[in-house]
Each structure stands twice: as C-alpha cells, then as structure tokens.
Visitor: 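Here it is, the structure in full.
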Amino acid sequence: MSHQYKAVLWDGNKAVYDLILALGVVAYLVAFFVLGLQAYPSGHTFDPVILAMRALGSCAFVMLTVILMIGPLARLSPRFKPALYNRRHFGVMAFMIALAHGGLATLWYHGGGPLNPLVSLFVSNPLYDQIAGFPFEALGAAALIILFVMAATSHDFWLANLSAPVWKALHMLVYIAYGLLVVHITLGFLQTEKALFYPALTLASVIVVGTLHLAAGLKEYGADRSMKRQGKGDWVEVGDPMSIPENRAVIVPLAGGERIAVFRYEGKISAVTNACKHQNGPLGEGRIVDGCVTCPWHGWQFRPDDGVSPPPFTEKIATYDVKIENGRVFVDRQANPPGTRTPPAVIEEVYA
C-alpha cells in the first residue's frame with residue numbers, strides 16, 4: 001500500500017527497482033564469467049558449465065545474504081526502511097537464480113544415469129553418516145525447497161489466507177535455508193577445493209548477518225529496558241506527553257512480547273497495537289501520514305482512534321484506552337477488539 005493507501009502492483013518505483021536488481025544480477029554473472037575464464041598460470045581454465053554453476057550459486061547466496069541484512073539494518077537506521085518495501089521481489093529473484101543453479105547442477109551431474117535425476121541426487125551418494133564425502137547436494141536441494149515455498153507464498157493472497165502470524169512463521173524458515181546453504185557451500189568446497197577463499201567468504205557473510213541481527217536485538221532490548229514502567233492496576237505509564245515525537249510513537253513493551261504503539265498527533269494521544277495487519281510490521285516505527293498510522297514496511301494505514309483502514313479498505317487493528325493523569329500518559333494493558341473507536345487523550349486539556 002502507498003501513503004494514500006492505494007494498492008501497489010507494478011508501479012514505477014517497483015519497475016525501476018526490479019530493473020536495477022536484474023541489471024545487478026547480470027553484471028555479477030558477467031563479471032564472474034570474465035574473471036573465471038581467465039587462464040591460470042598453469043594454463044588451466046574452468047569448464048564453462050562448472051563456472052556457470054558457481055556463478056549462479058554464489059549469486060543466489062550473495063542475494064540471500066543481502067536479504068537477511070535488510071531487516072536488522074532497517075531496525076538500526078530508518079534510511080534502510082525503503083528496502084523493506086521491495087524485499088519480496090528480491091527474494092523471488094534470488095529463488096529463481098538458485099533454481100537455475102540447482103537445475104543445472106542436477107542435470108550436469110545426475111542427468112546421464114539410469115535413475116531420475118532428482119532421485120539420483122539424494123541416493124547416489126550414501127555417505128550421510130560422515131563429514132568427509134557427505135552428500136552436500138542434498139542440503140542445497142533442501143534449502144531450495146524452502147526457498148520455493150517462500151517464493152510461492154510471497155503473494156498477498158497467501159498472506160491473507162494463512163493469516164499474518166502463520167505467514168510470518170513460514171517465512172522465518174529462510175534462516176534454516178540460509179544455514180543449509182552455508183553448510184552446503186562449506187562441505188562442497190572442502191571436498192573439491194584447496195583454496196580457502198570461498199569458505200572464508202561464506203564465514204564472513206555469516207558473521208556480518210549474525211552481527212547485524214545481534215546489534216538490532218540489543219538495540220530493541222535496550223530500548224525496552226530504558227522505558228521504566230510503573231503500573232497502576234491495569235494501566236502502564238508511558239511518560240510525559242511531549243516526550244512522544246509529533247506524528248510519531250513510542251513503543252510500550254508488555255509481558256509476553258506484546259507491544260503497544262502510542263502516537264502523538266494534533267495535540268492528541270492514541271494507542272494501537274504495534275503489529276501491522278499486513279505482515280506484523282512495527283507500526284510504532286512508522287509515522288502519522290494523512291491522519292493515519294502508516295506502517296514503515298509497506299505503507300498500510302490505520303486511523304489512530306479506531307484502528308480502521310481508510311475507505312475503501314476495511315482492515316482493522318486493536319486499539320488501547322489512553323489517559324493523561326498528573327501530566328503523565330497511561331495506556332491500558334488490555335487491548336480493545338480490532339476496530340473499536342477509542343477517544344484519544346487530549347494534551348491541551350492537561351496543560352490548560
């Protein structure tokens with residue numbers, strides 16, 4: 001959705017993004033081939049088919065690494081949030097590159113035998129009980145299956161029918177796929193290559209991805225701890241109204257991992273769930289645009305006083321009761337049913 005809450009299909013921005021992404025992939029593959037076809041001092045050159053497998057496989061792994069970096073980078077700095085808007089396109093293209101790598105490798109190594117190539121891939125090497133000679137191709141195939149499921153369910157049709165929590169849990173399998181690919185690459189090169197460049201590069205990508213996720217987690221943990229709450233029955237203290245940035249929110253952590261986004265706008269305070277109806281995006285990291293809470297991930301919008309999307313859309317999120325006492329904002333721990341009209345707390349009345 002855009003800030004005007006119009007459905008985004010193939011608008012100009014997405015077309016430009018996909019074109020740049022496609023050109024980047026082509027540039028990577030061409031550069032890989034140009035460098036790979038250069039003769040070694042001994043006069044040896046790579047077989048073009050083997051080189052194509054490595055080009056496609058390494059490209060897919062680099063793309064997946066970048067995809068896993070986008071989330072924590074966006075949590076660490078708002079400048080990276082626009083990348084979240086097109087992350088699904090990035091993921092689908094990464095799957096297509098990985099599929100080309102897997103298909104080429106399967107046909108090249110298993111296409112000439114008596115068995116079906118897919119069957120041969122899993123059974124031709126029985127050394128599953130040892131590291132040396134382990135059939136690393138099976139790990140890559142398992143990762144490719146996960147990426148296929150994610151690509152096939154990337155459309156909002158599946159998001160709406162599976163529900164946001166189930167869809168989100170399904171797409172968290174990307175971390176399992178990433179782990180399988182790391183082992184796939186490491187075992188593959190350990191069996192065929194003496195140089196440590198590719199294993200070292202793989203390890204570096206794992207360190208970068210892990211460090212970014214750890215940094216983002218620590219930042220969120222520190223923000224939660226820094227917000228000292230004093231409960232009054234069912235009410236949680238948020239703080240001074242003016243400590244909430246205009247048209248922005250502070251995120252209130254609750255027990256059990258729940259979070260509330262408390263917004264200040266037009267001299268009023270309203271609170272809604274922090275989870276967007278679309279993909280559970282962090283609404284509290286967004287802002288008020290055109291009078292609506294706007295998700296920073298994909299631009300879905302909800303009115304802050306009732307949690308309902310502006311017409312013609314009908315999505316609803318939970319709201320929370322808010323009050324201001326003695327110059328302090330309090331929010332009820334108990335969520336109202338999605339779409340419940342909740343009168344905002346008026347700041348002018350407090351400072352009058």
Side-chain angles (χ1 to χ4, degrees), residues 21 25 29 49-50 52-71 86-131 133-192 198-199 202 205-206 209-210 213 279:
L21 183 59
V25 169
L29 297 178
V49 177
I50 302 297
M53 292 181 203
R54 294 189 175 188
L56 291 167
S58 62
C59 182
F61 183 73
V62 169
M63 293 175 73
L64 187 59
T65 299
V66 174
I67 289 169
L68 292 181
M69 292 170 57
I70 292 175
N86 296 297
R87 187 168 55 176
R88 277 193 285 179
H89 281 217
F90 203 155
V92 171
M93 187 170 292
F95 162 72
M96 298 302 295
I97 300 299
L99 180 62
H101 164 76
L104 181 59
T106 301
L107 291 176
W108 182 252
Y109 290 113
H110 302 276
L115 294 177
N116 180 288
L118 293 178
V119 175
S120 176
L121 186 149
F122 287 99
V123 304
S124 61
N125 183 353
L127 302 179
Y128 284 93
D129 58 345
Q130 60 188 57
I131 295 179
F134 187 91
F136 63 93
E137 300 95 335
L139 299 177
L144 186 61
I145 291 172
I146 294 176
L147 295 179
F148 166 75
V149 172
M150 294 178 59
T153 59
S154 64
H155 195 275
D156 277 352
F157 169 83
W158 292 105
L159 178 63
N161 285 273
L162 293 175
S163 78
V166 173
W167 188 91
K168 187 72 173 180
L170 178 65
H171 282 246
M172 289 297 286
L173 292 175
V174 66
Y175 292 99
I176 295 179
Y178 185 70
L180 290 171
L181 288 177
V182 169
V183 181
H184 166 76
I185 295 170
T186 303
L187 291 180
F189 277 101
L190 286 179
Q191 294 181 28
T192 60
Y198 286 104
T202 304
S205 71
V206 173
V209 171
H213 279 76
Q279 291 185 21

Visitor: Where do F136 and H184 come nearest, in terms of heavy atoms and distance?
Guide: O-ND1, 2.7 Å

Visitor: Please name the pair of heavy atoms, one in W108 and one in I50, separated by the smallest distance, quoted to 0.1 Å.
Guide: NE1-CD1, 3.6 Å

Visitor: Do M150 and S154 pass the side-chain contact (heavy atoms from CB on, under 4.5 Å) test, and can you show the C-alpha distance, the side-chain angles, and the key distance before you say yes or no?
Guide: CA-CA 6 Å; M150 294 178 59; S154 64; over 6 Å; no

Visitor: Between I67 and G91, what is the shortest heavy-atom contact and its length?
Guide: CD1-CA, 3.5 Å

Visitor: Hey, what do you get for CG (L115) to CG (L121), rounding to the nearest 0.5 Å?
Guide: 11.5 Å

Visitor: Please round to the nearest 0.5 Å and tell me the distance separating atom CG of L21 and atom NE2 of H89.
Guide: 10.0 Å

Visitor: Can you tell me how far CG of L187 sits from CD of E137, rounded to the nearest 0.5 angstrom?
Guide: 10.0 Å

Visitor: Is there a side-chain contact (heavy atoms from CB on, under 4.5 Å) between L99 and L147 once you walk through the steps?
Guide: CA-CA 9 Å; L99 180 62; L147 295 179; over 6 Å; no

Visitor: Check step by step if side-chain contact (heavy atoms from CB on, under 4.5 Å) holds for F134 and V183.
Guide: CA-CA 10 Å; F134 187 91; V183 181; over 6 Å; no

Visitor: How close do L29 and A55 get, heavy atom to heavy atom, and via which atoms?
Guide: CD2-O, 3.6 Å

Visitor: Measuring from I146:CD1 to L170:CG, what's the distance to the nearest 0.5 Å?
Guide: 9.5 Å

Visitor: For I97 versus L56, what's the shortest heavy-atom pair and its separation?
Guide: CG2-O, 3.3 Å

Visitor: To the nearest 0.5 angstrom, please state how far the NE2 atom of H171 sits from the CZ atom of R88.
Guide: 8.0 Å

Visitor: For the pair S205 (side chain) and T202 (backbone), establish whether a donor and an acceptor sit closer than 3.5 Å, ignoring hydrogens and angles.
Guide: yes

Visitor: For the CG atom of L181 and the OG1 atom of T186, what is their distance to the nearest 0.5 Å?
Guide: 10.5 Å

Visitor: Ignoring hydrogens, what is the shortest heavy-atom contact between H110 and S124? Give both atom names and the distance.
Guide: CE1-OG, 3.3 Å

Visitor: Specify whether F148 and F95 have parallel, tilted or perpendicular ring planes, treating 30° as the upper limit for parallel and 60° as the lower limit for perpendicular.
Guide: tilted

Visitor: Assert yes or no for the condition that the ring centre distance of H101 to F61 is strictly below 6.0 Å.
Guide: no

